[in-house]
Amino acid sequence: MLFRRKRRSHGRTVFLGLCAMGILLWASVYRFNVPADVLKEYFLATLAAMGLVVLLAALCALLFLGIRQLLRRRREQD
């Protein structure tokens, strides 16, 4: 019972966060006259930066796993 309530709470939090983000974007265009093209450029730049961070993290993880596998093979040979 407690688990179901937590899941519902997380879903509601995500929903409210997405609604707040939508209102923020709407307000920036409607109230503060920020061009939609500028918001689009910022959004794409943010996605590119996040993709770069994910790519670098994946490369670091692969490097770490490769070094660990190499050390494990050396221990088995000894």
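Since the structure is predicted, the reported quantities are computational estimates derived from the model, not experimental observations. Quick note: residue numbers are just sequence positions, from 1.
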Find the distance between [atom1] ([X]) and [atom2] ([Y]) and round it off to the nearest 0.5 Å.
{"X": "Thr13", "Y": "Leu18", "atom1": "OG1", "atom2": "CG", "answer": "11.0 Å"}
{"X": "Leu59", "Y": "Phe64", "atom1": "CG", "atom2": "CZ", "answer": "15.0 Å"}
{"X": "Leu52", "Y": "Leu47", "atom1": "CG", "atom2": "CG", "answer": "12.5 Å"}

Decide yes or no for [X] and [Y]: does some side-chain heavy atom of the first lie under 4.5 Å from some side-chain heavy atom of the second?
{"X": "Cys60", "Y": "Leu63", "value": "no"}
{"X": "Val14", "Y": "His10", "value": "no"}
{"X": "Leu39", "Y": "Phe43", "value": "no"}

*Could you point out which residue of Arg74, Arg75, Arg68 forms a side chain to side chain contact (heavy atoms under 4.5 Å, CB included) with Arg72?*
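Among Arg74, Arg75, Arg68, the one that satisfies the side chain to side chain contact (heavy atoms under 4.5 Å, CB included) with Arg72 is Arg68.
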
*Same cluster (ILVMFWY, side-chain, under 4.5 Å), Val38 and Leu44*: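 In one cluster: no.
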
_Shared hydrophobic cluster, Ile23 / Met21 (ILVMFWY, side-chain heavy atoms < 4.5 Å)_ =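 Different clusters: Ile23 never reaches Met21 through Ile, Leu, Val, Met, Phe, Trp or Tyr contacts under 4.5 Å.
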
